[in-house]
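The basis for the numbers below is simple: all heavy atoms, side chains too, and nothing from hydrogens, waters or symmetry mates. Note that the structure is a prediction, hence the values are computed from the model and not measured.
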Amino acid sequence: MKNIKLIVVIIFLLGSANSFAQLSGKAKRQQKKEFKKQEIEQLISNQKFTFIPRSLTTSSGYTKDLNFSYELKLNQDSSEAYLPFWGKAHLAKINDEGGILFETTADDLEIKNLNKKGYEIRFKAKGKEDTYQIKLEVSKQGYSSLFITSNNKSHISYYGHIEAIDEK
């Protein structure tokens with residue numbers, strides 16, 4: 001009988017230790033989430049970050065995963081893009097480099113805090129032959145959707161995340 005009571009006490013202690021470990025894991029996840037939220041707030045407020053796309057969706061609904069080092073950088077009032085393009089070009093050039101490429105100022109830059117939803121960043125950028133209207137929606141955890149409307153190409157969207165600019 002004593003052995004049964006001892007086994008019950010040991011099982012109870014092990015069960016309570018396991019629930020304590022889970023609570024600690026939840027606290028760690030919450031702390032990590034809060035740290036990421038503060039990091040994203042800092043990147044947005046400084047207007048210095050890089051958007052890294054992981055997939056794109058064309059205006060016709062075609063989705064493609066990306067595995068190359070494409071990016072859109074926003075560094076205060078300047079912007080730089082090296083992004084792929086799939087879709088219709090309304091005005092095709094003979095020596096068109098393809099994709100969405102520009103290195104220019106971010107005109108009409110507007111940043112809105114959407115409270116719990118995150119942030120919305122809008123600006124216009126001019127490339128060599130085209131003008132782009134850019135809308136970037138960023139969650140509090142850094143997950144982002146980028147929507148680009150062009151004068152000469154059909155609209156396209158990208159899904160990815162933002163991170164600090166890599167100073168090489």
Chemist: Hey, any chance Tyr159 and Ile148 share a hydrophobic cluster, counting ILVMFWY side chains that come within less than 4.5 Å of each other, even indirectly?
Modeler: no

Chemist: Identify, with sequence neighbours excluded, every residue that meets side chain to side chain donor-acceptor pair (under 3.5 Å) alongside Glu110.
Modeler: none

Chemist: Taking ILVMFWY side chains as joined if any heavy atoms are under 4.5 angstrom apart, and letting links pass through other members, which residues group with Phe35?
Modeler: none

Chemist: Under the side-chain hydrogen bond (donor to acceptor under 3.5 Å, both in side chains) rule, what pairs show up with a residue in residues 136-148, not counting sequence neighbours?
Modeler: Lys135-Glu137

Chemist: What residues form a side chain to side chain donor-acceptor pair (under 3.5 Å) with Asn151, not counting sequence neighbours?
Modeler: none

Chemist: Name all pairs fulfilling the side-chain hydrogen bond (donor to acceptor under 3.5 Å, both in side chains) condition that reach into residues 37-49, sequence neighbours left out, sorted by first residue then second.
Modeler: none

Chemist: Roughly how far, to the nearest 0.5 Å, is the NZ atom of Lys128 from the CD atom of Glu103?
Modeler: 10.5 Å

Chemist: Locate the shortest heavy-atom distance separating Leu56 from Pro84; write the atom from each residue and the value.
Modeler: CD2-CG, 3.8 Å

Chemist: Who are the side chain to side chain contact (heavy atoms under 4.5 Å, CB included) partners of Tyr62, not counting sequence neighbours?
Modeler: Thr58, Ser60, Lys64, Trp86

Chemist: Any chain of hydrophobic side-chain contacts (each under 4.5 Å) joining Ile52 to Ile165?
Modeler: no

Chemist: Indicate yes or no for a side-chain donor-acceptor contact from Lys124 to the backbone of Thr105 under 3.5 Å, with no hydrogens or angles considered.
Modeler: no

Chemist: Determine whether Leu109 and Leu43 fall in the same hydrophobic cluster, where Ile, Leu, Val, Met, Phe, Trp and Tyr are linked whenever their side-chain heavy atoms lie under 4.5 Å apart.
Modeler: yes

Chemist: Listed by chain and number, what are the ring pair (Phe, Tyr, Trp, His ring centres under 6.0 Å) partners of Tyr132, not counting sequence neighbours?
Modeler: Phe102

Chemist: Pairs under 3.5 angstrom only: tabulate donor-acceptor contacts from the side chains of residues 65-79 to other protein residues two or more places apart or in another chain.
Modeler:
from  : atom 1 : to     : atom 2 : distance (Å)
Ser78 : OG     : Asn75  : O      : 3.1
Ser79 : OG     : Thr104 : O      : 3.3

Chemist: Against Leu136, only a single residue in Leu146, Ile111, Ile44 fulfils side chain to side chain contact (heavy atoms under 4.5 Å, CB included); can you say which?
Modeler: Leu146

Chemist: Give the C-alpha distance, both sets of side-chain angles, the deciding distance and a yes or no for side-chain contact (heavy atoms from CB on, under 4.5 Å) between Glu163 and Phe49.
Modeler: CA-CA 6 Å; Glu163 58 187 39; Phe49 57 85; over 6 Å; no

Chemist: Which residues satisfy the side chain to side chain contact (heavy atoms under 4.5 Å, CB included) test with Thr149, sequence neighbours excluded?
Modeler: Gln133, His155

Chemist: Are Ile156 and Phe147 linked, directly or through intermediate hydrophobic residues, by side-chain heavy-atom contacts shorter than 4.5 Å (ILVMFWY only)?
Modeler: no

Chemist: Which residues pass the salt bridge (charged side-chain N to carboxylate O under 4.0 Å, His left out) test with Arg122, sequence neighbours left out?
Modeler: Glu120

Chemist: What are the two closest non-hydrogen atoms of Leu83 and Pro53, and how far apart are they?
Modeler: CD2-CG, 3.8 Å

Chemist: Checking Ser150 against Asn152: is there a side-chain donor and acceptor pair closer than 3.5 Å?
Modeler: no

Chemist: Flag the pair Ile134 / Phe123 as yes when at least one side-chain heavy-atom distance between them is below 4.5 Å, and no otherwise.
Modeler: yes

Chemist: Are Leu101 and Phe51 linked, directly or through other ILVMFWY residues, by side chains that come within less than 4.5 angstrom of each other?
Modeler: yes

Chemist: Any idea which heavy atoms bring Gly142 and Ile40 closest together, and the distance?
Modeler: CA-CD1, 3.5 Å

Chemist: Going by side chain to side chain donor-acceptor pair (under 3.5 Å), name the residues that satisfy it together with Thr131, two or more places apart in sequence or in a different chain.
Modeler: none

